[in-house]
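Here the structure is a predicted model, which means the values were calculated and not measured.
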Amino acid sequence: MTTDRTTKLSRRTLLKAGAAVSLTGLASGGVFAVGSDKPEKEEIKVGFIPLTDCASVVMASVLGFDKKYGIKIVLSKESSWASVRDKLVNGELDAAHVLYGLLYGVQMGVGGAKKDMAVLMNLNHNGQAITLSKKVADKGGVDGASLAKLMQTDKREYSFAQTFPTGTHAMWLYYWLASYGINPLKDAKVITVPPPQMVANMRVGNMDGFCVGEPWNHRAIVDGVGITAATTQDIWKDHPEKTLGTTLEWAKKYPNSARALIAAVLEASKWIDAGLVNKTKMAATIADKSYVNTSVDVINQRILGRYQNGMGKTWDDPNYMKFYNDGSVNYPYLSDGMWFMTQHKRWGLLKAEPDYLATATKVNQIGLYTEAAAMARVSVPTSPLRTVKMLDGTVWDGKNPKAYADSFKIKA
């Protein structure tokens with residue numbers, strides 16, 4: 001796939017998205033020119049996992065932003081990402097707070113049933129971390145370089161946990177380890193553990209490290225069982241993380257409901273990022289046992305960028321978890337979706353070379369998102385591709401995914 005073809009197709013995608021906005025009249029106030037914009041399905045069951053980044057979905061319901069758009073979000077707390085996957089695929093859930101890479105795994109038939117999926121919007125940037133056990137830290141493994149050295153000098157089987165085989169945490173963990181010369185497929189054992197069970201499993205010695213979303217990295221520090229070795233924003237500043245996901249079938253069957261859902265969550269995202277008071281209220285709300293089920297102080301520090309590593313170091317991180325950031329968080333960039341496929345190919349999850357751009361264009365619902373953004377008065381970027389620089393110095397811009405996927409020295 002050439003750069004020219006990628007660029008041309010990307011422009012065409014944007015033009016189609018722009019045309020959708022002008023045809024429906026959303027750009028001038030949110031009323032459809034053709035047909036009714038009334039949600040076809042008014043009660044929408046949305047699954048979530050107990051993590052800080054479920055906040056925009058929860059607050060959209062708690063604060064009543066859903067009612068503004070003629071829908072009712074019915075929240076469903078789920079036990080694992082595998083459960084979220086299964087319930088989305090079989091229709092028990094209408095949509096979910098879900099791992100970016102999980103949706104692409106289902107789309108490509110990796111790690112479960114193959115089904116066409118849809119990314120309605122991105123929910124957050126940043127805010128995950130890699131935790132190493134106190135046992136590893138006490139032996140000198142406190143960051144990527146020192147962990148690599150320890151694994152060479154203190155040889156044994158090292159075990160690391162992620163939350164879902166094709167998910168974001170697996171990809172951040174693999175990328176981070178490989179950046180320091182550790183092959184996650186050969187030099188370590190990698191296991192899957194649901195996010196709320198990470199700290200308990202580390203406490204009993206089931207793993208040397210894990211990658212998970214907050215608040216579980218900070219909780220490991222508070223409980224004295226782990227230290228923060230790296231944040232995921234160290235790996236990729238402003239990386240995509242959770243999405244609002246559904247099946248393509250659902251998005252096509254209920255387009256007005258999908259737009260209303262996106263718009264409601266956009267409003268909540270905007271509300272969370274509006275200031276300290278809102279973030280504090282959000283932390284107090286989602287800490288409740290109905291949602292994340294932890295103490296407020298475990299949540300509220302890192303959402304404000306106040307970090308500690310569990311060994312006396314504290315810092316203010318400007319690239320903390322963001323839910324809106326003037327709309328830049330929420331746009332479903334095609335290049336973000338393609339990146340996960342490049343890593344699935346890198347680690348042998350995808351055996352054949354996919355059509356990266358065609359797949360991302362099918363999954364990431366830029367047209368629906370653009371229309372919903374107009375309803376919520378949120379600006380959209382001018383290009384569906386963005387350029388980023390990774391931890392190891394490589395640059396990803398979405399223009400030549402095959403070459404990028406093949407370029408890594410450490411791979412399957």
Side-chain angles (χ1 to χ4, degrees), residues 1-18 21 53 56 99-101 103-104 118-128 168 171-172 175 231-245 262 266 269-270 273 318-346 354-370 372-374 378-405 407-408:
M1 185 180 297
T2 67
T3 301
D4 288 345
R5 179 169 171 251
T6 304
T7 305
K8 285 174 185 171
L9 282 175
S10 299
R11 287 197 189 111
R12 194 180 310 150
T13 302
L14 260 191
L15 286 169
K16 281 169 69 179
V21 175
D53 51 32
S56 56
L99 297 162
Y100 217 129
L103 290 180
Y104 271 85
V119 171
L120 299 178
M121 64 184 286
N122 197 57
L123 293 178
N124 67 295
H125 281 169
N126 309 325
Q128 324 296 293
T168 49
M171 298 306 107
W172 308 140
Y175 204 102
T231 67
T232 50
Q233 52 265 32
D234 293 335
I235 300 168
W236 171 354
K237 177 188 167 186
D238 292 338
H239 66 77
E241 184 50 45
K242 305 304 186 300
T243 71
L244 183 61
I262 296 166
L266 272 174
S269 305
K270 195 187 296 187
D273 273 12
N319 304 312
Y320 55 87
M321 186 181 292
K322 307 223 171 118
F323 293 88
Y324 180 63
N325 198 16
D326 295 326
S328 65
V329 168
N330 311 109
Y331 185 78
Y333 285 98
L334 298 182
S335 53
D336 287 0
M338 286 192 283
W339 185 85
F340 287 103
M341 285 187 283
T342 69
Q343 298 308 296
H344 293 167
K345 183 66 171 65
R346 175 186 183 183
D355 188 331
Y356 290 96
L357 186 62
T359 304
T361 302
K362 183 177 183 180
V363 175
N364 288 25
Q365 300 299 302
I366 286 180
L368 275 177
Y369 177 83
T370 303
V378 173
S379 61
V380 297
T382 56
S383 171
L385 305 179
R386 61 176 177 142
T387 301
V388 296
K389 190 174 183 180
M390 307 295 288
L391 168 72
D392 56 4
T394 59
V395 173
W396 166 246
D397 59 12
K399 291 177 180 174
N400 197 341
K402 182 184 186 304
Y404 179 83
S407 68
F408 295 97

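Taking all atoms of both residues into account, the shortest heavy-atom contact from Ile366 to Pro332 is CG1-O, 3.8 Å. The heavy-atom pair separating Asn325 from Ser328 by the smallest distance is O-OG, 2.9 Å. Minimum interatomic distance between Pro401 and Met338 (heavy atoms only, all atoms of both residues): CG-SD, 4.3 Å. Minimum heavy-atom separation, Ser269 to Asn330: OG-ND2, 3.8 Å.
Between the side chain of Asp273 and the backbone N or O of Phe323, at least one donor-acceptor pair lies under 3.5 Å. Not one N or O on the side chain of Asn364 forms a donor-acceptor pair closer than 3.5 Å with the backbone of Thr361. For Trp396 (side chain) and Ser335 (main-chain N/O), a donor-acceptor pair under 3.5 Å exists by modelled atom type. At distances below 3.5 Å, not a single donor-acceptor pair connects side-chain atoms of Asn122 with backbone N or O atoms of Pro240.
Trp339 and Tyr404 share a side-chain donor-acceptor pair at under 3.5 Å. A side-chain donor-acceptor contact under 3.5 Å links Asp392 and Thr394.
Under the side chain to side chain donor-acceptor pair (under 3.5 Å) criterion, Asp238 pairs with Asn126, sequence neighbours left out.
Relative to the six-membered ring of Tyr331, Arg386 misses at least one condition, a distance below 6.0 Å or an angle of at most 45° to the axis. Judged by a 6.0 Å distance limit and a 45° cone about the ring axis, Lys322 is positioned over the six-membered ring of Tyr320.
When each of Tyr175, Tyr100, Tyr333 is checked for a ring pair (Phe, Tyr, Trp, His ring centres under 6.0 Å) with Phe340, only Tyr100 meets the rule.
Distance check, rounded to the nearest 0.5 Å: NE2 of His125 to CD of Gln233 gives 11.5 Å.
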